[in-house]
Amino acid sequence: MRITVLGAGAMGCLYGGLLARSGADVTLIDRKADHVRSLNEQGLRLEGLDGAEKTSLIPLRATTCPEEAGPADLVIVLVKATDTTAAAERLGPLLAPHTSLLTLQNGLGNAEILAERWGAERVLVGTSSFGALFVEPGCVRLTGRGQTHLGEPGGIHSSRVEAIVARFNRAGLNAAASDNVTGLLWDKLLVNVGINALTAIAGIPNGKILDAPALTTILEAAVAEAAAVAAAAGVTITADPAGRAKAVATATATNRSSMLRDMERGQVTEIDAINGAVARLGRHWGVATPVNETLTLLVKGLTEFRISNRAY
Ligand SMILES: NC(=O)C1=CN([C@@H]2O[C@H](COP(=O)(O)OP(=O)(O)OC[C@H]3O[C@@H](n4cnc5c(N)ncnc54)[C@H](OP(=O)(O)O)[C@@H]3O)[C@@H](O)[C@H]2O)C=CC1
Ligand SMILES: CC(C)(CO)C(=O)C(=O)O
């Protein structure tokens, strides 16, 4: 199976690196030329895989140029949701008639963008509870081992999903096929809805939300709105989503969420694919989402200050 990863940041390097280490034919594509040069010259330096203090060196192939990579059997899309539309435009040279596109990104809308551009029959959806951090060009850190779930958006069982699951498991990616990937995507979304925007706005690690009753109330309200939207949309989610969001905040208490980190680095965040998507779908289904609307506007407003480097 020829596998290409589009977006070789923290997660792209983790997935591509573990697959390459297990003998898969992997190419990473990223737009950062210095990162790609370092990956090709020195291999991927993956911290934390074989012990917290150790760095594993994984030889692999990387390029900035999809034409150079050529057609693959599987393309894993791991750019941030903000970059999916632009990245989709670069996929053409990677596609043979049978190529599958697997999104493991957070948030809503990524699969739909890929399907609209390249056909729904190519697209597979997944979620990952692994954690990774981009350290510097050529180097990422494994911050948490987790699981990978993937499946056909329509819920049917397919041999291509089984083949990918088997390949991922040989790489230690703890994969399983799911017949409810939409529900899994929403389960993950509801955790991010509760934690990410709040931590980004307040500038606090995940666990601190639970130290302030007012912030906990906002988490619960944001998740309840999102669960109501899921119900209106006919999506089957796991029970007690606010409880799960709080459990994740406890389990990742010292983490700075990805949205907080994006905000601190003056980068755009995935807010439109998380709380923003809940607000958009709420309007569509006639479900009121004032908390998610407000969290979205606050993150966008604060991001503008950060991007223009203005004090606030
Ligand atoms: N990190 C984590 O622990 C987890 C992340 N996720 C999700 O996975 C997705 C990826 O996250 P993460 O790996 O952290 O993000 P990163 O920003 O670390 O990686 C994305 C990479 O894609 C590159 N990129 C963006 N657009 C293009 C393009 N058009 N062509 C080529 N390369 C491109 C980026 O370059 P540049 O730096 O220039 O933008 C960056 O190197 C997100 O949806 C995230 O929410 C899910 C589970 C855990
Ligand atoms: C689960 C959580 C909130 C961990 O930090 C996360 O997924 C993120 O930061 O995006």
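Counting starts at 1 for both ligands and their atoms, following the listed order.
Closest heavy-atom approach to atom 5 (O) of ligand 2 within the set Asn206, Asn192, Thr254, Val248: this belongs to Asn206. Across Gly126, Ala87, Gly9, heavy-atom proximity to atom 19 (O) of ligand 1 is greatest for Gly9. When Ser129, Ser258, Ala249 are checked for heavy-atom proximity to atom 10 (O) of ligand 2, Ser258 turns out nearest.
The single protein non-hydrogen atom nearest to atom 15 (O) of ligand 1 is Lys80 CE, 3.4 Å, given as residue, atom name and distance. For atom 9 (C) of ligand 1, the closest non-hydrogen atom of the protein is Val79 O, 3.8 Å. Regarding atom 30 (N) of ligand 1, its nearest protein heavy-atom neighbour is Arg90 NH1, 3.1 Å. Of the protein's non-hydrogen atoms, the one nearest atom 32 (N) of ligand 1 is Arg31 N, 3.3 Å. Closest protein heavy atom to atom 45 (O) of ligand 1: Glu270 OE1, 2.7 Å. Protein heavy atom at the shortest distance from atom 48 (C) of ligand 1 is Phe130 O, 3.3 Å. Scanning all protein heavy atoms for the shortest distance to atom 6 (N) of ligand 1 gives Asn106 ND2, 3.6 Å. Looking from atom 13 (O) of ligand 1 to the surrounding protein, the closest heavy atom is Met11 N, 2.8 Å.
A side chain to side chain contact (heavy atoms under 4.5 Å, CB included) with Leu101 is found for one member of Leu95, Leu124, Val125, Leu94 and no other, namely Leu95.
A salt bridge is absent between Glu47 and Lys54; no separation between the charged side-chain nitrogens and carboxylate oxygens falls under 4.0 Å. A salt bridge links Asp211 with Lys208: the closest approach of a Lys/Arg side-chain nitrogen to an acidic carboxylate oxygen falls below 4.0 angstrom. We find that Asp262 and Lys80 are joined by a salt bridge, their nearest charged nitrogen and carboxylate oxygen being less than 4.0 Å apart. Between Arg21 and Asp50 a salt bridge is recorded (basic side-chain N to carboxylate O distance below 4.0 Å). Between Lys32 and Asp34 no salt bridge is recorded (no basic side-chain N to carboxylate O distance below 4.0 Å). Note on Glu264 versus Arg306: no salt bridge recorded, every NZ/NE/NH1/NH2 to OD/OE distance being 4.0 Å or above. Salt bridge annotation for Arg2-Asp25: present, with a cationic side-chain nitrogen under 4.0 angstrom from a carboxylate oxygen.
In this model, a donor atom of one side chain and an acceptor atom of the other lie less than 3.5 Å apart for Arg167 and Ser22.
In this structure, the side chains of Glu152 and Val181 stay at 4.5 Å or more apart for every pair of heavy atoms. Two residues are said to be in side-chain contact when any heavy atoms from C-beta on lie closer than 4.5 Å; Val75 and Leu102 fail this criterion.
Listed by number with element, the atoms of ligand 1 under 4.0 Å from a non-hydrogen atom of Gly131 are 3 (O). Residue Ser257 has at least one heavy-atom neighbour below 4.0 Å for each of these atoms of ligand 2: 5 (O), 9 (O). For ligand 2, the atoms sitting less than 4.0 Å from at least one non-hydrogen atom of Asn196 are 3 (C), 8 (C), 10 (O), numbered in the order shown with element in parentheses. With ligand atoms numbered from 1 in the order given, ligand 1 contributes 46 (C), 47 (C) to contacts under 4.0 Å with heavy atoms of Lys188. Heavy-atom contacts of Ile195 reach the following atoms of ligand 2: 3 (C) (cutoff under 4.0 Å). Near Asp30, meaning under 4.0 Å from any of its heavy atoms, are these atoms of ligand 1: 21 (C), 22 (O), 23 (C), 31 (C), 32 (N), 34 (C), 35 (O), 40 (C), 41 (O). Applying the 4.0 Å criterion to heavy atoms of Lys32 picks out, from ligand 1, the atoms 34 (C), 35 (O), 36 (P), 37 (O), 38 (O), 40 (C), 41 (O). Within the listing of ligand 1, atoms 47 (C) sit less than 4.0 angstrom from a heavy atom of Ser128. The atoms of ligand 1 that sit less than 4.0 Å from any heavy atom of Leu78 are 8 (O), 10 (C), 20 (C).
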* Could you please spell out the steps behind the side-chain contact (heavy atoms from CB on, under 4.5 Å) verdict for Thr82 and Thr84? => CA-CA 6 Å; Thr82 43; Thr84 307; over 6 Å; no
* Where do Glu293 and Arg283 land on the salt bridge (Lys or Arg N to Asp or Glu O under 4.0 Å) test, with the steps shown first? -> CA-CA 10 Å; Glu293 298 258 12; Arg283 284 192 290 278; 2.8 Å; yes
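Residue contacts with ligand 1, taken as heavy atom pairs separated by less than 4.0 Å, involve Asp83 solely via side-chain atoms from C-beta onward. Within the 4.0 Å heavy-atom criterion, neither part of Arg265 lies near ligand 1. With a 4.0 Å heavy-atom cut-off, ligand 1 is reached by the backbone of Ala10 and by its side chain too. At a heavy-atom cutoff of 4.0 Å, ligand 2 is contacted by no atom of Thr199, backbone or side chain.
At least one heavy atom of Ala132 sits under 4.0 Å from some atom of ligand 1. Distances shorter than 4.0 angstrom do not occur between any heavy atom of Gln267 and any atom of ligand 1.
When all heavy atoms of Arg117 and Glu89 are compared, the pair lying nearest together is NE-OE2, 2.9 Å.
No chain of hydrophobic side-chain contacts below 4.5 Å, direct or via other Ile, Leu, Val, Met, Phe, Trp or Tyr residues, connects Leu133 to Leu142.
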